[in-house]
S.K.: 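Questions regarding the structure given below will be posed in turn.
Just so it is clear, the structure is predicted and the values come from calculations on it, not from any experiment. Each chain gets a letter, A, B and so on, in the order the sequences are listed, and its residues count up from 1.
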Protein chains: 2
Amino acid sequence: MTGTPRTDTGRLMELLSVSLGAYYGDFTLAAASENLTASQGKALTVLRRGPAAMRSLADTLTCDASNMTGIIDRLEKRGLVRREPSPSDRRVKNVVLTAEGERVTDAIRARMSATREGLERLSAQDRDTLHSLLERVFVSQ
Amino acid sequence: MTGTPRTDTGRLMELLSVSLGAYYGDFTLAAASENLTASQGKALTVLRRGPAAMRSLADTLTCDASNMTGIIDRLEKRGLVRREPSPSDRRVKNVVLTAEGERVTDAIRARMSATREGLERLSAQDRDTLHSLLERVFVSQ
DNA sequence: TATTGTTATACTCTATAACTATA
DNA sequence: TATAGTTATAGAGTATAACAATA
């Protein structure tokens with residue numbers, strides 16, 4: 001962007017920390033607007049991609065399996081998810097979003113206006129570049 | 001990066017969610033290696049830039065002021081920070097990192113190897129580009 | 001024997017409300 | 001009156017350890 005590279009890894013990590021804080025704050029606020037905690041919102045977001053076993057959920061959210069019990073308990077009590085026995089392994093319970101759960105999850109994403117507006121300040125090509133860079137840093141190994 | 005833009009805002013937000021999740025996981029693990037919670041690590045990171053009043057800390061970490069009391073209590077008990085009375089306003093307490101607090105904070109950052117290695121896969125120019133894009137999305141308004 | 005999910009426990013985080021000491 | 005920080009409280013997240021059911 002400039003002729004002189006001015007971004008050492010330390011400064012970039014600092015900015016990443018600030019960016020994460022902004023994103024996470026936006027997400028937490030959006031979840032709170034549906035009376036959900038950030039952890040509950042994260043679980044719903046993961047389940048929006050499809051059903052998952054308790055253990056798999058815990059792995060994805062990088063928390064202990066015992067935590068998932070309470071989180072899913074509270075979401076189930078509100079009718080946002082339900083537990084279903086796995087047909088192939090009777091130890092396993094699959095967690096599935098209900099229709100109301102899908103609605104709430106989509107509402108959370110729609111409410112993340114700060115992040116959305118930030119992204120929409122970029123041109124289509126810059127969004128493409130950001131996508132590619134993030135993928136190289138955080139996804140590919 | 002390609003001639004055809006393929007990155008709509010929704011997909012980019014999804015990738016952002018995954019990327020920041022990876023960063024947060026890396027940070028949480030690094031903090032845990034120093035026997036600190038993520039919130040404690042975040043507070044130290046903010047204080048690494050310089051002293052801050054309790055209220056200002058709560059604002060930066062977007063949590064209620066009453067939470068800071070407990071978080072700073074625990075950090076102070078471990079000798080990582082200390083409270084100092086403000087010279088200009090006797091209601092205010094400034095929180096300052098101790099030398100040990102600085103050491104621990106730097107150790108956390110040094111431990112974030114997954115993120116660091118991800119960033120170091122980029123050329124200096126690509127790091128510059130990523131810096132500029134993140135700043136435009138999350139910092140400038 | 002190993003794994004899945006749950007329970008019990010203890011500690012931490014979080015917001016709300018009420019309090020004090022300042023301003 | 002308003003603000004900075006603390007305390008009390010209750011609900012939620014978190015890891016550890018132990019357990020029953022199943023593989």
Side-chain angles (χ1 to χ4, degrees), chain A residues 21 24-47 51-78 80-96, chain B residues 21 24-47 51-78 80-96:
Chain A
Y24 192 67
D26 198 25
F27 179 76
T28 303
L29 219 62
S33 77
E34 295 287 336
N35 276 306
L36 292 167
T37 66
S39 291
Q40 290 169 345
K42 268 196 274 186
L44 291 181
T45 300
V46 171
L47 289 170
M54 295 293 290
R55 168 70 49 176
S56 149
L57 267 181
D59 289 345
T60 305
L61 300 177
T62 50
C63 71
D64 193 83
S66 63
N67 300 332
M68 291 315 308
T69 302
I71 294 175
I72 296 301
D73 278 353
R74 286 178 273 274
L75 291 175
E76 193 166 34
K77 202 171 298 180
R78 285 188 45 180
L80 303 181
V81 305
R82 60 173 186 277
R83 287 170 164 97
E84 289 184 350
S86 162
S88 56
D89 186 334
R90 283 196 293 172
R91 296 173 302 179
V92 173
K93 293 175 187 172
N94 291 316
V95 186
V96 189
Chain B
Y24 189 69
D26 198 25
F27 178 77
T28 303
L29 220 62
S33 77
E34 295 287 335
N35 277 305
L36 292 167
T37 64
S39 292
Q40 290 168 345
K42 268 194 275 184
L44 291 181
T45 300
V46 171
L47 290 169
M54 296 292 289
R55 168 70 50 175
S56 149
L57 267 180
D59 288 345
T60 304
L61 301 176
T62 50
C63 70
D64 192 84
S66 63
N67 300 332
M68 291 315 307
T69 301
I71 293 174
I72 297 301
D73 278 352
R74 287 179 272 275
L75 291 174
E76 194 166 33
K77 202 171 296 178
R78 286 188 46 180
L80 304 181
V81 304
R82 62 173 185 278
R83 287 169 164 97
E84 291 184 348
S86 162
S88 55
D89 186 333
R90 285 195 292 171
R91 296 173 301 179
V92 173
K93 292 175 187 173
N94 290 317
V95 186
V96 188

S.K.: Extract all donor-acceptor atom pairs below 3.5 Å that involve side chains of residues 34-44 of chain A and protein atoms in other chains or at least two apart in sequence.
M.R.:
| from | atom 1 | to | atom 2 | distance (Å) |
| --- | --- | --- | --- | --- |
| A:T37 | OG1 | A:Q40 | N | 3.2 |
| A:Q40 | OE1 | A:T37 | N | 3.0 |

S.K.: Just jot down the side chain to side chain donor-acceptor pair (under 3.5 Å) partners of A:S56, sequence neighbours excluded, or say none.
M.R.: none
S.K.: List the residues meeting side-chain contact (heavy atoms from CB on, under 4.5 Å) with B:T62, not counting sequence neighbours, and say none if there are none.
M.R.: none
S.K.: Specify the residues of residues 62-78 of chain B, ordered by number, for which at least one heavy atom lies under 4.0 angstrom from an atom of DNA chain C.
M.R.: B:C63, B:D64, B:S66, B:N67, B:I71, B:R74
S.K.: Does anyone know the first and last nucleotide of DNA chain D in reach of chain A, 5' to 3', at under 4.0 angstrom to a heavy atom?
M.R.: D:dA12 to D:dA23
S.K.: Test side chain to side chain contact (heavy atoms under 4.5 Å, CB included) on B:V95 and B:E76 and set out the steps.
M.R.: CA-CA 9 Å; B:V95 186; B:E76 194 166 33; over 6 Å; no
S.K.: I'd like to know if A:R91 reaches the base of C:dT3 with its side chain, counting only an N/O donor and acceptor under 3.5 Å.
M.R.: yes
S.K.: Name all residues meeting the side chain to side chain donor-acceptor pair (under 3.5 Å) criterion together with B:N94; count only those two or more places apart in sequence or in a different chain, and write none if there are none.
M.R.: none
S.K.: Quick test of your reading: applying salt bridge (Lys or Arg N to Asp or Glu O under 4.0 Å), list the pairs with at least one residue in residues 53-67 of chain A, sequence neighbours left out, ordered by first then second residue.
M.R.: none
S.K.: Just to verify, what does B:T69 make a side chain to side chain donor-acceptor pair (under 3.5 Å) with, not counting sequence neighbours?
M.R.: none
S.K.: In whole Å, I'd like the distance from the CG atom of B:L61 to the P atom of C:dA15.
M.R.: 11 Å
S.K.: How many angstroms lie between CD1 in B:I71 and CG in B:L57, if you round to the nearest 0.5 Å?
M.R.: 9.0 Å
S.K.: For A:R83 and C:dT4, give me the distance from atom CZ to atom P, rounded to whole Å.
M.R.: 16 Å
S.K.: Which residues within residues 24-41 of chain A lie with some heavy atom under 4.0 Å of an atom in DNA chain D?
M.R.: A:T37, A:S39, A:Q40
S.K.: Report yes if at least one side-chain N or O of A:K93 is closer than 4.0 Å to OP1 or OP2 of C:dT6; otherwise report no.
M.R.: yes
S.K.: Please enumerate all residues that pass salt bridge (charged side-chain N to carboxylate O under 4.0 Å, His left out) together with A:R91, with sequence neighbours excluded.
M.R.: A:D89
S.K.: What pairs with A:R82 under salt bridge (charged side-chain N to carboxylate O under 4.0 Å, His left out), at least two apart in sequence or on another chain?
M.R.: A:E84
